[in-house]
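First comes the structure, then the notes that go with it.
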Amino acid sequence: MSSAAPAEPHVMSTYGRVPIALSHGKGARVWDIHGKRYLDALAGIAVNTLGHAHPKLVRALQDQIGKLIHTSNYYYNPATEELARMLVERSGMSNVFFCSTGLEANEAALKLARKFGHDKGIERPEIVVYEKAFHGRSIATLSATGNPKVQVGFGPLVEGFIRVPINDIEAIRRATAGNPNVVAVFFEAIQGEGGVNPMSTDYMQQVRALCDVNDWLLMIDEVQCGMGRTGKWFAHQWAGIAPDVMPLAKGLGSGVPIGAVVAGPKAAQIFQPGNHGTTFGGNPLSIRAGLETIRIMEEDGVLENAARIGQHLLSALTGQLMHMPGVKAVRGKGLMIGIELDRPCGVLVQRCADAGLLLSVTADSVIRMVPPLILSGAEADEIVAILVPQIKAFLAESA
Ligand SMILES: Cc1ncc(COP(=O)(O)O)c(C=O)c1O
């Protein structure tokens, strides 16, 4: 290990940190305070779309900081409409509410669903959610989350959720049969924290149809898998459908905190003045970060890069790992890739870091990579060259 863990006696100990303190980055590389270099396949957990210190983003943010950082939603910011228009055009939806984080975007989605129900005279609206889902850590979003570890100690949970397994259309039909209180279905197009579990194209199309027939909102959490990560703007677009509500955050500001809820025509008019709001939502700095992220992604062909390099990485990892006993699956789309082992493998986080590669392990046994979308082919090859021997050694010693 090259770096000792810095002490944090005054910081609340909510995180199991890797004992590394990072000092700076460039592209897909970061350096720790001792000068050790890492390839960053975590990207701040699917946040640093453009990598670190992207020159165009740095220039734009420096310009913005010198003008206005924050003003409040008492006043107009013309750039807010511009970013909303960009998101609407790229999603085929109609209106946007801005906030700062993923859980806030999801909280707003849950409020939209409940008010959609109340407006129709449903007093106790219920929302379909999924096993292994992750939607955040506020009381409502942790209640929607399908992971008991996130919920324990925080009861009573928020009521009004019906939980079903992923990719099983009969299960959702059974769970909602004859229930007049259902108002929405809420899922991640690819579950991130739950272990990189994609919703199948068929399933997303079938749920879209089910929502249309029953007048439910289809709400797709694209906080982790959206904003170009899979090679399309939004992961559900691979299924050729559009949701009614789409929470975004993470990659939208390439590192500057920003979240958004994008609504289609069925949900765009639900919130009326006074129904929802947040102090930092859509502040000039975060909006500028969102605008420049999208502009730079288009100028530099970042979507195409995510699709091409992601496919290259997935094929290389599949080729080298799939025959190996102990490897259950190599899956994902674009630059959101999971390798599921048949045993817990959290130790690989530290071992890979020691070998110069940052990544995470989620759902105990899934090695997850969500690198910056500007990753090069050579860097993808380097990920494979570092990771595969680490997995082999781990499987051999823990067999
Ligand atoms: C799919 C999904 N939704 C919501 C969240 C919560 O986002 P935040 O941590 O910004 O509140 C996350 C975070 O990992 C996520 O992956």
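What you see is a predicted model; the values in this text were computed from it and never measured. Order of appearance sets the numbers: ligands from 1, and atoms from 1 within every ligand.
The main-chain N or O of V129 is never found under 3.5 Å from a side-chain atom of R163 such that the two would form a donor-acceptor pair. With hydrogens and angles disregarded, no donor-acceptor distance shorter than 3.5 Å links the side chain of K232 to the backbone of W238. When atom types are taken as modelled, the side chain of N147 and the backbone of F134 share no donor-acceptor pair closer than 3.5 angstrom.
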I would like to know whether F186 and N106 meet side chain to side chain contact (heavy atoms under 4.5 Å, CB included); could you show each step before the answer? CA-CA 10 Å; F186 187 31; N106 285 338; 3.4 Å; yes
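Residue R295 qualifies as enclosed at atom CZ: its count of foreign heavy atoms under 6.0 Å is above 12.
Atoms of ligand 1 lying under 4.0 Å from at least one heavy atom of E188, given by number and element, are 1 (C). Near H135, the atoms of ligand 1 lying under 4.0 angstrom from a non-hydrogen atom of the residue are 3 (N), 4 (C).
The single protein non-hydrogen atom nearest to atom 4 (C) of ligand 1 is N106 ND2, 3.3 Å, given as residue, atom name and distance. Atom 6 (C) of ligand 1 has L103 N, 3.7 Å as its closest protein atom, hydrogens excluded (heavy atom only). Looking only at protein heavy atoms, the nearest one to atom 10 (O) of ligand 1 is G102 N, 2.8 Å. From the protein, the heavy atom lying nearest to atom 16 (O) of ligand 1 is Q224 NE2, 2.8 Å.
In terms of polar-atom proximity, V223 is not counted as a contact of ligand 1, lacking any N or O under 3.5 Å from an N or O of the ligand. Considering backbone and side-chain atoms together, G136 places no N or O closer than 3.5 Å to any N or O of ligand 1.
By the 4.0 Å N-to-carboxylate-O rule, R137 lies too far from E193 to be salt-bridged with it. Between E340 and R331, at least one side-chain N (NZ, or NE/NH1/NH2) sits under 4.0 Å from a carboxylate O, which counts as a salt bridge.
Under 4.0 angstrom from ligand 1, there are no non-hydrogen atoms of E104.
Residue contacts with ligand 1: K250 is included, with a non-hydrogen atom under 4.0 Å away. For the ligand labelled ligand 1, residue D221 lies inside the 4.0 Å heavy-atom shell.
When distances from atom 8 (P) of ligand 1 to the protein are checked, a heavy atom turns up under 4.0 Å.
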Sequence neighbours excluded and cut-off under 3.5 Å, please list the side-chain donor-acceptor pairs for residues 240-248, or say none.
{"unit_1": "D244", "atom_1": "OD1", "unit_2": "R208", "atom_2": "NH1", "d": "3.4"}
{"unit_1": "D244", "atom_1": "OD2", "unit_2": "R208", "atom_2": "NH1", "d": "3.4"}
{"unit_1": "D244", "atom_1": "OD2", "unit_2": "R208", "atom_2": "NH2", "d": "3.0"}
{"unit_1": "D244", "atom_1": "OD2", "unit_2": "L218", "atom_2": "N", "d": "2.8"}

